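Presented below is the structure to which this report refers.
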Amino acid sequence: MELGPILSAMRRNKVGAVLIAVQMAITLAILCNGLFIIEQRITLSQRPTGTDEANVFVITNQWAGNPPDLAALQQTDLAALRALPGVVDATVSQSFPLSGGGSTDGIGLNPDQKSETALSAVYLVDEHGIDALGVKLIAGRNFNTDEVVELHGFTDRKQAAAAIITRALAEKLFPGQNALGRPIYSLGEKKVIPIVGIVDQLQVPWVGASGWGSKFSEQSMLVPFRFVSTSYHYIVRTKPGQLIGLMQAAQKKLFEVNRGRVLQKTRSLTEARQKAYQDDIGLAIILGVVCAALVAVTAFGIVGLTSYWVAQRRRQIGIRRALGATKNAIVRYFQTENFLIAAAGAAVGIALAVSLNLWMVNAFEMQRLHVGYAVVGAIVVLLLGQVAVLWPAMKAASIPPALATRAV
């Protein structure tokens, strides 16, 4: 097909061509970044915690007033929970994955460091912590009973006898080396802590922690402290299929043991995940609706402008039909014309998409847009243009040759 007549017609209809190209460029820029953000949010919400998530629930216990001998009350509760039929294990901690609150510590490799080698989330657990969470120990050992000591509140400054760290934290501290048995230092206390075990994965409590470093979300450390306070979490792991029933049975058992408490919240880790990521899922849904609406508006815009062009060129189309142009030739003419406009819009749109992403990277600490998203977006825009122009092109092809002999 000769491009000369097409380019000549586009020069005579500059405004319409520019409008379609600009519309396609804006659509491409927003579509690429919108789909990229949706993919990032969905991937974020599906990150595994490293725990036996389907079979773990958490009870947040708050004692009324300040009863004496909290440590004994806590041990009585734990013994009762572990004795429930169907319970695999139970522990107590100040935090848990997906909770949104917890502790961090700067980790160094020597006592004289001024800044940390890595930042780590800290979970205070006893020797039952690994089994209660259902994390996978891949090297070393669990805590020994004699290593676990009571920690009375967050102001209690005791020396940790050992640490179990995640694979991600081990790689951060000792890249390419074996971290097992190596000493690390808590920069907050300047105390040496030997690494006695490594677990495969354990997510930090904060779901939005990816902005603190690409691997921080998996940089966690377990230390052998039995957290004694008026408020803490019981973490209970059940046998498969028994979680719902045991959530109710555990609450009932705790009240039977001692009614001087308030169980602020009891939830499974699955429920905690839904709560923690509800904003991310909501954002993904909103962006999906916006992208779909934008694509629809762009398609209708192309249909409208192309239909207008057809109405303006009915006589010229009739003359071409009278000179022997087939219906397929007329359809190909408008599709080629739209392809050229869409290609120009896609080129500008890719540049806009990259620029918009760079701004969001600097403003919101987002990841850089993958080139594949821009390429796929450009293909979608080109296909959208071809589909949208098909109906007006077929309408143009149906104009009878006799129209060429009629007066304008």
Side-chain angles (χ1 to χ4, degrees), residues 1-11 13-43 284-313 317 320 325-357 360 368-399:
M1 177 180 290
E2 292 290 337
L3 294 179
I6 296 176
L7 295 176
S8 176
M10 290 170 59
R11 282 195 295 269
N13 296 275
K14 295 186 183 70
V15 175
V18 170
L19 284 175
I20 291 180
V22 169
Q23 190 175 22
M24 286 187 163
I26 294 174
T27 298
L28 175 59
I30 297 176
L31 186 64
C32 287
N33 284 281
L35 293 178
F36 182 63
I37 293 172
I38 290 172
E39 188 271 337
Q40 292 293 309
R41 294 296 175 175
I42 292 176
T43 300
I285 293 173
I286 291 172
L287 284 176
V289 172
V290 170
C291 289
L294 185 62
V295 168
V297 169
T298 302
F300 283 120
I302 295 172
V303 171
L305 282 174
T306 308
S307 297
Y308 174 76
W309 288 353
V310 170
Q312 293 293 308
R313 290 183 283 181
I317 295 169
R320 289 196 61 193
T326 65
K327 291 184 177 181
N328 287 338
I330 299 298
V331 171
R332 286 198 303 271
Y333 174 91
F334 283 102
Q335 286 186 317
T336 302
E337 182 180 67
N338 181 271
F339 180 83
L340 294 175
I341 297 172
V348 176
I350 290 175
L352 284 176
V354 173
S355 300
L356 179 60
N357 175 253
M360 290 191 295
R368 287 184 178 273
L369 179 71
H370 298 161
V371 177
Y373 279 88
V375 174
V376 171
I379 293 174
V380 169
V381 166
L382 292 174
L383 291 176
L384 175 66
Q386 292 299 293
V387 172
V389 80
L390 186 59
W391 180 77
M394 293 178 66
K395 186 177 179 181
S398 67
I399 295 176

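This is a predicted model, so every value here is computed, not measured. One-based numbering along the sequence shown.
The two residues A353 and L28 have their closest heavy-atom pair at CB-O, 4.5 Å. Smallest separation of non-hydrogen atoms from A374 and C32: CA-SG, 3.6 Å. The heavy-atom pair separating G34 from L287 by the smallest distance is O-CD1, 4.1 Å.
Atom CD1 of I38 is separated from atom OG1 of T43 by 11.5 Å, given to the nearest 0.5 angstrom. Atoms CD1 and CD, on I37 and Q40 in that order, are 9.0 Å from each other to the nearest 0.5 Å.
Contact annotation: the side chain of L31 approaches that of V380 to within less than 4.5 Å [non-hydrogen atoms, C-beta and beyond].
Residue L352 forms a side-chain contact (heavy atoms from CB on, under 4.5 Å) with just one option from L356, I350, V348, and that option is V348.
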Do any side-chain atoms of residues 289-301 form donor-acceptor pairs under 3.5 angstrom with protein atoms, and if so which ones, sequence neighbours left out?
residue: T298; atom: OG1; partner: T27; partner atom: OG1; Å: 2.5
residue: T298; atom: OG1; partner: L294; partner atom: O; Å: 2.9

